[in-house]
Amino acid sequence: MTVQTDTLALAADLARDNPVRYPNESPEYRAARTALLAQEIELRRQIERVAAQRRALPPGGPVTGDYRFQTEDGACDIAGLFGDKQTLGLYSYMFGPERERPCPMCTNLLGAWEGNALDIDQRMSLVVIARSPIEKLVAWKRERGWKNLRMATDLTGGYSRDYFGILPDGSEIPSFNIFTRRDGSIRHFWSGEMTGQTADPGQDPRGAPDLPPMWAVLDTTPEGRGTDWYPKLSY
């Protein structure tokens with residue numbers, strides 16, 4: 001639901017009237033926390049404004065490539081990945097055939113999505129695309145204990161090349177593309193386009209909001225995200 005922001009109460013007023021107080025907090029803490037709360041309310045509203053602008057995008061380009069996939073249930077084209085849904089999300093997993101094990105950061109994201117996959121499936125079709133053989137992907141799923149994420153192999157690499165799972169130099173990058181199927185026509189709807197070229201100084205490339213929930217948790221801490229660590233495939 002889109003909220004009419006011109007009818008909303010001022011964030012500063014909502015923050016000022018917030019009744020939450022914690023034991024032994026100082027007046028300085030409360031003043032700073034109230035100012036931060038006003039900014040958090042504005043951030044929530046900005047997230048909704050951006051989401052509404054995204055939903056209002058005009059139709060994207062029609063999908064014309066002859067993309068072929070091998071799923072756990074057999075071979076199919078991109079239409080077959082939709083199932084009975086009108087919207088399809090394809091995550092390009094950095095797990096090409098040259099890799100023995102996949103990208104840890106991609107794996108961190110997908111591990112979180114695994115827990116939400118059945119809920120997401122009520123609204124859209126979600127498939128993880130990689131270029132490794134389906135047998136390798138299924139074995140990896142089993143090793144991770146994933147049961148609900150759907151995996152598929154990009155058999156020709158054509159999809160990965162066209163929708164930025166592979167760069168022109170052959171290197172892999174993660175990408176998340178949304179497609180729609182309306183009136184029999186499959187079209188591209190949206191993809192995250194924040195890359196190294198759009199990153200701010202001192203920051204790794206990141207989306208807004210970030211898809212991995214890990215970052216939202218770390219952003220609530222005094223240490224923040226940190227710069228001297230990286231997710232691991234095993235601990």
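- For Asn177, the side chain to side chain contact (heavy atoms under 4.5 Å, CB included) partners two or more places apart in sequence, or in a different chain, are Tyr159, Tyr163, Ser175, Phe179, His188, Ser191.
- The hydrophobic clustering, which links ILVMFWY residues whose side-chain heavy atoms are closer than 4.5 Å, places Leu14 and Leu37 together.
- Glu72 is listed as a side-chain neighbour of Ile134, based on a closest heavy-atom distance under 4.5 Å.
- For the atom pair CZ of Arg44 and CD of Gln46, the computed distance is 12.5 Å after rounding to the nearest 0.5 Å.
- Taking each heavy atom of Pro133 and Thr153 in turn, the nearest pair found is C-OG1, 3.3 Å.
- Enclosure of atom CZ in Arg123 is not indicated, since only 12 or fewer non-hydrogen atoms of other residues, nucleotides or ligands lie within 6.0 angstrom.
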Using the rule given for side chain to side chain donor-acceptor pair (under 3.5 Å), can you reason through Arg150 versus Ser125, listing the C-alpha separation, both sets of side-chain angles and the distance that settles it, and then say yes or no?
CA-CA 9 Å; Arg150 296 160 56 207; Ser125 176; 2.6 Å; yes

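- The line from CD1 of Ile41 to CG of Asp13 is 9.5 Å long, rounded to the nearest 0.5 Å.
- By the 4.5 Å heavy-atom criterion applied to side chains, Leu43 and Gln39 are not counted as neighbours.
- Between Leu90 and Leu88 the shortest heavy-atom distance is CD2-CD1, 3.6 Å.
- Panel note: side chain Arg68, backbone Ala75; no donor-acceptor pair is recorded below 3.5 Å.
- Expressed to the nearest 0.5 Å, how far CZ of Arg101 lies from NZ of Lys136 amounts to 10.5 Å.
- Ser132 places a side-chain N or O within donor-acceptor distance of the main-chain N or O of Gly96, the cut-off being under 3.5 Å.
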Apply side chain to side chain donor-acceptor pair (under 3.5 Å) to the pair Ser171 and Asp169, showing each step before the final yes or no.
CA-CA 6 Å; Ser171 59; Asp169 64 4; 2.6 Å; yes

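- Distance alone, capped at 3.5 Å, is enough to place a donor-acceptor pair between the Glu114 side chain and the Asn148 backbone.
- Atom CZ of Arg54 is separated from atom CD1 of Ile178 by 9.5 Å, given to the nearest 0.5 angstrom.
- Around atom OH of Tyr230, more than 12 heavy atoms belonging to other residues, nucleotides or ligands sit under 6.0 Å away.
- The shortest heavy-atom contact between Asp77 and Phe69 is C-CD1, 4.0 Å.
- Of all the heavy atoms in Arg181 and Gly83, the pair that sits closest is NH2-O, 2.9 Å.
- Looking only at side-chain heavy atoms (C-beta outward), Lys232 and Pro104 stay at 4.5 Å or farther from each other.
- Residues Leu81 and Ile129 have side chains in contact (heavy-atom distance under 4.5 Å, counting atoms from C-beta outward).
- Looking at heavy atoms from C-beta onward, Tyr91 lies in side-chain contact with Leu109 at the 4.5 angstrom threshold.
- The side chain to side chain contact (heavy atoms under 4.5 Å, CB included) search around Ser26 returns Glu28, Tyr29, not counting sequence neighbours.
- In plain terms, the two heavy atoms of Glu42 and Ala11 that are nearest each other are OE2-CB, 3.5 Å.
- Of the possible polar contacts, none joining the Asp210 side chain to the Pro212 backbone as a donor-acceptor pair under 3.5 Å is found.
- Pairing each heavy atom of Thr71 with each of Ala152, the nearest pair is CG2-CB, 4.0 Å.
- Counting heavy atoms from C-beta on, the side chains of Glu98 and Arg131 come closer than 4.5 Å.
- Linking Ile, Leu, Val, Met, Phe, Trp and Tyr residues whenever their side-chain heavy atoms come within less than 4.5 Å leaves Leu211 and Val50 in two separate clusters.
- Of the possible donor and acceptor atoms, one in the side chain of Thr156 sits under 3.5 Å from a partner among the backbone N and O of Gly158.
- Arg187 places no side-chain N or O within donor-acceptor distance of the main-chain N or O of Thr180, the cut-off being under 3.5 Å.
- Residues satisfying the ring pair (Phe, Tyr, Trp, His ring centres under 6.0 Å) test with Phe176, not counting sequence neighbours, are Trp113.
- Under the 4.5 Å side-chain heavy-atom criterion for Ile, Leu, Val, Met, Phe, Trp and Tyr, Ile78 and Leu126 are members of distinct hydrophobic clusters.
- The backbone N or O of Thr34 lies less than 3.5 Å from no partner atom in the side chain of Arg16, so there is not a single donor-acceptor pair.
- Contact check for Glu172 versus Phe95: no side-chain heavy atoms found under the 4.5 Å cut-off.
- Residues Glu25 and Arg33 are not paired through a salt bridge, judged by the lack of any N-O separation under 4.0 Å between the basic side chain and the carboxylate.
- Atom-to-atom distance recorded for Ile120:CD1 and Leu149:CG is 8.0 Å, nearest 0.5 angstrom.
- Met124 and Phe189 fall within the same hydrophobic cluster, defined by Ile, Leu, Val, Met, Phe, Trp and Tyr side-chain heavy atoms under 4.5 Å apart, directly or through other members.
- Looking at heavy atoms from C-beta onward, Tyr67 lies out of side-chain contact with Asp154 at the 4.5 angstrom threshold.
- Hydrophobic cluster membership is shared by Leu233 and Trp146, with clusters built from Ile, Leu, Val, Met, Phe, Trp and Tyr side chains linked at under 4.5 angstrom.
- When atom types are taken as modelled, the side chain of Thr221 and the backbone of Leu218 share a donor-acceptor pair closer than 3.5 angstrom.
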